[in-house]
Amino acid sequence: MRTLISILVANALMFNGMAVAADSDKVKLAELKQQLEELTEEIEDLNDRVDSTERHTALDRITFTGDFRTKVHSLHYQNVTWNPAINTNFSDFGAKAMSGAFGDPTDASSPLGKMMAANPALAQAFQSGQLQGIMPYVLAPKTMQDIDNDLLYTTRLRLDLKAKVWDNVSFSGRLSMYKNWGDSTGTQVFDSWRSFTMDGTSSGNTSGDWLRVERAYFDWRNIGGSQTYLSIGRRPSTYGPPSHYRENEKRGGTPSGHLVNFNFDGATLGYKLGEITGIDGQVVRFCYGQGFESQWGNGEMFGDIVTKDTHLGGFNIDAINDGNHFLQLTLFGAKDVNDGFKGTMAFPTQLAGIFAPTMYQDMQKFDNFNFVTRVQPSGVIGDMYLGGLGYSYESDEDFKAFVSLGWTRAESNGNAGMFGGMLSDAVFEAELNSTGTEIIMVPKTATDASSKDGYGIYIGFQMPAPYGKFGLEYNYGSEYWTPFTQAQDDPIGSKLATRGHVGEAYYIFDINPRMFIKVAGLYYDYEYTGSGTPVGAPQKIDDVMAGSAFSMLPVVDTAYDVNASLTVNF
């Protein structure tokens, strides 16, 4: 276009010179000048159009879409029980006390004397010989209550980015904001594993009015003219099938949503096997990622790091995907799982009263203050494996039904931190602190180092209904069921991680093709504690309520969530 403009200008100037030389008549000269001015205006207009086109082309390299959801919940919890205790090796404690390692018990200023004075019931039981072997050391009286949060409003904004890099290379990303109304602190008081936000769950926990990078990766397709593709970056590993039906959106992630709803960084190497087998949509993928970085940022220069990097890997196979039938197989493993992740939390006053009595004396003066602290794991507790088979059917009349079966296996190495080991509790032993002035309890080993298998089932359907669609879902998790679905944004906790029963019913009203209202209800019936975490031995909820079992964090018997949301896609 610029070459054409240059030619037009040169021709105009040449024509002007020839006309002047041939005819010096002032009238004709004026006419030629007028023509030149008009031609110049046309050229400038063309130039403006070219610049506008170039700018438009440059800006169109990135396409923005997204969705906005506002939601109101009414949350109700029944029989919330807190009955904290730790398993203590009292035989070891007695041997150390008798040897004088903890000082003279009759001296009120000795470490043992201080401990006995602060715990008279413990002192009496110890002196009467009732404490032998490994027994629970009760840390606080049992409490039980119902809790109602009648109104919880949340807002979620997700911005999707797409860019075509080359014919077979593209970039995708998603920025997410998820907050509850009136709160952008980004930190919650640690009263459950759901309240602890980490790298893998940041998109599913309310965190504040800022955008997080939930996804960022490139796809390199048809490498070398083959059916092979490579993708590297922050993975699309949330809202996978069949959990996307309840979200009223297309498949959001690659792995089974029954097993994985968890952000992680890694790579996928895939092959479109259907081109060889002739089966529609058949794809085999090998996925690799890292779930935890053990050294960088953890004070590694002090030389006392005992954790390890957690590496993830496995296969995800779409065996059939023809538009009506979808069959998926998932096999996944996590090596060197630690007893936690990096994260931040507000330290609860209740735990300060148990573990930090000196600090608690000052905290009582500021009962509405909680200090925010960075948390990191204390050690490796074992390996985990997950597997599943899922089938979905979608009719041409928009009826959908699915069933998903899941399996998890936890292989403990016998180590344990404060909250336990791999699906096992910790055994604590008494030691003196570094100054020799106080007895502290230190986790030493896990109560059980055996491997444990869990299973889960997830079924449901969605059918057309007046003004929209209606859906029913049910899922169950066994005692040791431990999937990686903690980024699911259910405020009570990931329903698919529940050790027990969850039923959900919902009605979606389609306002227009890009806007809908959803009314839903979820009912949780927990059978075992610790849903959503591999740390700690699951205890029967009924036993905790009865006082014969213990839990370091409050546990819920039953709960329900009635909610309504409005979602706009743009």
Side-chain angles (χ1 to χ4, degrees), residues 60-67 156-178 197-205 207 210-224 226-241 243-244 247 249-257 259-272 283-297 309-318 328 330-335 341-343 386 484-489:
D60 275 358
R61 292 184 63 185
I62 300 180
T63 302
F64 281 89
T65 57
D67 62 81
R156 186 187 71 184
L157 171 66
R158 301 189 301 191
L159 298 178
D160 292 291
L161 295 77
K162 291 188 180 296
K164 182 178 180 180
V165 179
W166 203 247
D167 291 340
N168 64 337
V169 180
S170 61
F171 168 82
S172 299
R174 183 154 79 186
L175 309 179
S176 298
M177 180 206 77
Y178 184 38
T197 300
M198 51 193 172
D199 181 65
T201 65
S202 59
S203 65
N205 276 354
S207 54
W210 59 83
L211 288 171
R212 295 178 178 271
V213 180
E214 180 186 349
R215 300 176 179 180
Y217 60 95
F218 75 84
D219 287 319
W220 180 14
R221 301 174 299 277
N222 305 121
I223 299 175
S226 71
Q227 298 300 317
T228 304
Y229 73 90
L230 175 67
S231 181
I232 300 177
R234 191 155 175 80
R235 309 306 303 147
S237 52
T238 53
Y239 304 101
S243 66
H244 64 295
E247 303 293 329
E249 58 187 27
K250 295 180 180 180
R251 178 181 182 178
T254 297
S256 164
L259 290 170
V260 179
N261 194 324
F262 196 86
N263 301 313
F264 70 92
D265 306 294
T268 295
L269 181 65
Y271 190 86
K272 296 179 180 179
V283 180
V284 58
R285 310 173 185 87
F286 172 74
C287 303
Y288 162 79
Q290 183 170 342
F292 177 73
E293 165 56 45
S294 63
Q295 290 183 270
W296 182 263
D309 293 352
T310 301
H311 295 281
L312 318 170
F315 290 91
N316 189 272
I317 301 172
D318 292 353
Q328 183 184 57
T330 300
L331 187 61
F332 194 79
K335 302 292 290 184
F341 293 86
K342 298 177 186 176
L386 300 85
F484 286 2
T485 61
Q486 296 88 339
Q488 199 169 32
D489 64 5

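Side chains are part of it too, since the values below use all heavy atoms of this structure and drop only hydrogens, waters and symmetry mates.
For the pair R235 and Y217, the cation sits on the ring face: its NZ or CZ lies under 6.0 Å from the ring centre, inside 45° of the axis. Cation-pi geometry between R285 and F332 is not met at under 6.0 angstrom from the ring centre and within 45 degrees of the axis.
With a 4.5 Å cut-off on side-chain heavy atoms, Y239 and E249 count as touching. Side-chain atoms of S170 and V165, non-hydrogen and from C-beta on, never get closer than 4.5 Å to each other. A 4.5 Å side-chain heavy-atom check between L312 and Y288 finds every atom pair outside the cut-off. Looking at T310 and Q290, their side chains never come closer than 4.5 Å, going by heavy atoms from C-beta outward. Residues K342 and M198 form no side-chain contact, since every pair of their non-hydrogen atoms from C-beta on lies 4.5 Å or further apart. For the pair V213/L175, a side-chain contact is recorded, criterion being any heavy-atom separation below 4.5 Å from C-beta on. Counting only heavy atoms from C-beta outward, the side chains of D160 and F64 never approach each other to under 4.5 Å. Taking the side chain as every heavy atom from C-beta outward, Y229 and N222 never approach each other to under 4.5 Å.
Side-chain atoms of Q488 and S243 form no donor-acceptor pair, as typed in the model, at a separation below 3.5 Å. Donor-acceptor pairing under 3.5 Å is recorded for the side chains of T330 and N316. Side chains of T485 and N261: a donor-acceptor N/O pair is absent below 3.5 angstrom, by distance only. With hydrogens and angles left out, the side-chain atoms of R212 and S203 include no donor and acceptor closer than 3.5 Å. Side chain to side chain, R221 and T228 fail the donor-acceptor criterion of an N or O pair below 3.5 Å.
Contact check on D318 versus R251 returns a salt bridge, with a Lys/Arg side-chain nitrogen under 4.0 Å from an Asp/Glu carboxylate oxygen. One finds a salt bridge joining R234 and D199 here, because a Lys/Arg side-chain nitrogen approaches an Asp/Glu carboxylate oxygen to under 4.0 Å. Using a cut-off of 4.0 Å between Lys/Arg side-chain N and Asp/Glu carboxylate O, D67 and R156 are scored as salt-bridged.
A donor-acceptor pair is defined here as one N or O able to donate and one able to accept, closer than 3.5 Å; no such pair exists between the side chain of D309 and the backbone of E293. S172 places no side-chain N or O within 3.5 Å of a backbone atom of K162 that could act as its donor or acceptor partner.
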Exercise. Where do L230 and T268 land on the side chain to side chain contact (heavy atoms under 4.5 Å, CB included) test, with the steps shown first?
Worked result: CA-CA 6 Å; L230 175 67; T268 295; over 6 Å; no
Exercise. Can Y271 and V283 be said to form a side chain to side chain contact (heavy atoms under 4.5 Å, CB included), step by step?
Worked result: CA-CA 6 Å; Y271 190 86; V283 180; over 6 Å; no
For this session: Apply side chain to side chain contact (heavy atoms under 4.5 Å, CB included) to the pair T238 and R215, showing each step before the final yes or no.
Result: CA-CA 10 Å; T238 53; R215 300 176 179 180; 3.0 Å; yes
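Smallest separation of non-hydrogen atoms from S202 and S207: O-OG, 4.2 Å.
Atom SG of C287 sits about 11.5 Å away from atom CG of L331, to the nearest 0.5 Å. For the atom pair S231 OG and F218 CZ, the distance stands at 6.5 Å (nearest 0.5 Å). To the nearest 0.5 Å, atom CG of residue L211 and atom CZ of residue R158 are 12.5 Å apart. Expressed to the nearest 0.5 Å, how far CG of D265 lies from OG of S237 amounts to 9.0 Å.
Ring orientation note: the planes of F262 and F341 are tilted relative to one another, at an angle of 30° to 60°.
For F315 and F286, the gap between ring centers is short of 6.0 Å.
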